[in-house]
> 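What follows is a single structure, and I will ask about it in a moment.
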Amino acid sequence: MQLSLPFLDIIIFAIIAVFLIYRLKNILGQNSESNSDDNFLNTESKKYTNVVNLKKDNLKKDTKAEINLEKIISANPDFNEQEFLSGAKTFFEMVIKCFVKGNLDDVNNYIDQKLLNNFQSAIDERLEEKESLTLNITNINLIQIKNVDVIKNLIRISVLFETTQIKILKDRNGKVIDGDQENDILVRDVWTFEKNSKSKDLNWMLVETRDA
């Protein structure tokens, strides 16, 4: 029996399709194997500047932050951004705990005297009124260098701390006069640290705090 012409056309087209698929597979296969370094992101080696504890959707390139980093390194070549931000995070938590406890002895050597006096005045006022403060940091969403000023040998770095907190202030009778025991709040603070690049002292001094 002879094959009909339409059936012969189908066979020819099928052979062509198989050949094209085979060629396409070879091309894609060579690209995936020979260029594997180009086809996958090396997330372990990638470093994101000026951020700590960020979610993926917050990882945005910040041109201003990159310029800030260049300014710091130019004034202080030994500056390590990740070490600085890690230390800033630890210090932030220490100051909050000491302030709530009402004793700044553990941090007073790293706080400018004028700012330290302001902290102490707030503590003294709270103790005089026999108020009790509870402040729990439930999450640190973001720590980011926001601004850098370099004046001769003096470096000032402003850092944004975005946290969620449970804050409760009670009067002497235990009545809540500020805050909420059930719901946390979003708090955005900017703390400014200062250091002389020529100084042998590796520690930074907290010189200012403000709302973002």
Side-chain angles (χ1 to χ4, degrees), residues 43 45-100 104 106-123 133 135-167 179 184-212:
T43 55
S45 63
K46 182 177 282 294
K47 294 182 180 179
Y48 297 100
T49 61
N50 298 327
V51 294
V52 172
N53 293 338
L54 278 176
K55 298 178 180 178
K56 288 183 179 180
D57 55 358
N58 287 332
L59 292 173
K60 299 177 180 178
K61 187 175 181 180
D62 189 342
T63 302
K64 182 179 179 181
E66 292 179 353
I67 295 174
N68 283 338
L69 187 58
E70 290 177 1
K71 289 168 64 176
I72 302 171
I73 294 176
S74 177
N76 184 4
D78 295 329
F79 179 79
N80 184 297
E81 179 190 10
Q82 293 304 318
E83 288 182 3
F84 172 82
L85 289 175
S86 177
K89 173 180 178 292
T90 300
F91 186 70
F92 176 83
E93 294 172 324
M94 286 178 61
V95 172
I96 296 297
K97 290 179 180 178
C98 289
F99 181 78
V100 171
L104 300 171
D106 291 340
V107 295
N108 59 14
N109 290 332
Y110 313 104
I111 302 177
D112 176 74
Q113 189 60 51
K114 183 177 179 180
L115 181 59
L116 186 65
N117 292 341
N118 292 339
F119 283 163
Q120 190 62 54
S121 295
I123 291 173
L133 175 65
L135 202 164
N136 295 322
I137 300 175
T138 57
N139 192 49
I140 296 181
N141 304 327
L142 170 68
I143 302 177
Q144 183 180 54
I145 294 176
K146 295 300 294 181
N147 189 55
V148 174
D149 289 316
V150 179
I151 305 174
K152 294 184 178 180
N153 297 330
L154 193 65
I155 307 174
R156 290 171 62 96
I157 303 178
S158 296
V159 180
L160 170 67
F161 296 88
E162 181 179 288
T163 63
T164 51
Q165 304 176 5
I166 293 288
K167 178 183 177 182
D184 52 15
I185 58 174
L186 179 67
V187 180
R188 290 169 56 87
D189 295 313
V190 174
W191 288 21
T192 301
F193 299 88
E194 186 177 277
K195 182 179 183 295
N196 189 321
S197 62
K198 299 298 183 181
S199 173
K200 294 181 180 179
D201 188 353
L202 300 179
N203 294 310
W204 291 76
M205 182 75 67
L206 178 64
V207 297
E208 181 184 349
T209 63
R210 62 179 174 83
D211 296 332

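For the numbers below, each heavy atom of this structure counts, side chains included, while hydrogens, waters and symmetry mates do not. On a predicted model such as this, the values are computed, not experimentally measured, just so you know.
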> What's the separation between atom CD1 in I143 and atom CH2 in W191, rounded to the nearest 0.5 Å?
10.5 Å
> Got a sec, which residues hit side-chain contact (heavy atoms from CB on, under 4.5 Å) with S121, two or more places apart in sequence or on another chain?
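Listed in chain order: nothing, the list is empty.
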> Only distances under 3.5 Å count here; give the side-chain donor-acceptor pairs of residues 148-161 to other protein atoms, sequence neighbours excluded, each with its distance to 0.1 Å.
unit_1	atom_1	unit_2	atom_2	d
D149	OD2	N147	ND2	3.4
R156	NH1	E194	OE1	2.7
S158	OG	T192	OG1	3.0

> Is K89 salt-bridged to E93, going by a charged N under 4.0 Å from an acidic O?
yes
> Would you sort out whether F91 and I111 count as a side-chain contact (heavy atoms from CB on, under 4.5 Å), showing the intermediate values?
CA-CA 10 Å; F91 186 70; I111 302 177; 3.9 Å; yes
> Would you give the length of the straight line joining atom CD1 of I73 to atom CG of D78, rounded to the nearest 0.5 angstrom?
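CG of D78 is found 10.5 Å from CD1 of I73.
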> Only counting residues at least two apart or in another chain, list the ones meeting side-chain contact (heavy atoms from CB on, under 4.5 Å) with Q113.
L116, N117
> Go through it in stages, so that I can follow the logic: the residues are I185 and T164, the test is side-chain contact (heavy atoms from CB on, under 4.5 Å), and I'd like the CA-CA distance, side-chain angles, deciding distance and then a yes or no.
CA-CA 5 Å; I185 58 174; T164 51; over 6 Å; no
> Can you see which heavy atom on M94 is nearest to which on D106, and at what distance?
CE-O, 4.1 Å
> Applying side-chain hydrogen bond (donor to acceptor under 3.5 Å, both in side chains), can you list everything that pairs with S74, at least two apart in sequence or on another chain?
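If we apply the side-chain hydrogen bond (donor to acceptor under 3.5 Å, both in side chains) test to S74, skipping adjacent residues, there are no hits.
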> For D201, check side-chain hydrogen bond (donor to acceptor under 3.5 Å, both in side chains) against everything at least two apart and list the hits.
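By the side-chain hydrogen bond (donor to acceptor under 3.5 Å, both in side chains) rule, D201 matches N203.
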> Would you name the heavy atoms of S197 and A75 that are closest together and state the gap between them?
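For S197 and A75, the tightest heavy-atom pair comes out as CB-O, 3.5 Å.
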> For N118, give me all partners under side-chain hydrogen bond (donor to acceptor under 3.5 Å, both in side chains), at least two apart in sequence or on another chain.
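side-chain hydrogen bond (donor to acceptor under 3.5 Å, both in side chains) list for N118, sorted by chain: empty.
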> What distance separates I137 CD1 from K167 NZ, expressed to the nearest 0.5 Å?
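Here the rounded value is 12.5 Å.
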> For residues L186 and E162, determine if any side-chain heavy atom of one lies less than 4.5 Å from a side-chain heavy atom of the other.
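Counting from C-beta outward, L186 and E162 do come under 4.5 Å.
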> Ignoring hydrogens, what is the shortest heavy-atom contact between L133 and V100? Give both atom names and the distance.
O-CG1, 3.2 Å
> Can you measure from CG (L104) to CD (Q120) and round to the nearest 0.5 angstrom?
5.5 Å
> May I ask you to test the N80-F84 pair for a side-chain heavy-atom distance under 4.5 Å?
no
> List the atom pairs, with distances to 0.1 Å, where a side-chain N or O of residues 204-212 and a protein N or O form a donor-acceptor pair under 3.5 Å, not counting sequence neighbours.
none

> What pairs with K195 under salt bridge (Lys or Arg N to Asp or Glu O under 4.0 Å), at least two apart in sequence or on another chain?
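For K195, no residue satisfies salt bridge (Lys or Arg N to Asp or Glu O under 4.0 Å) once neighbours in sequence are set aside.
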> How many angstroms lie between NZ in K97 and CZ in F92, if you round to the nearest 0.5 Å?
11.5 Å
> Applying the side chain to side chain contact (heavy atoms under 4.5 Å, CB included) criterion to Q165, which one of T138, L135, N139 satisfies it?
L135
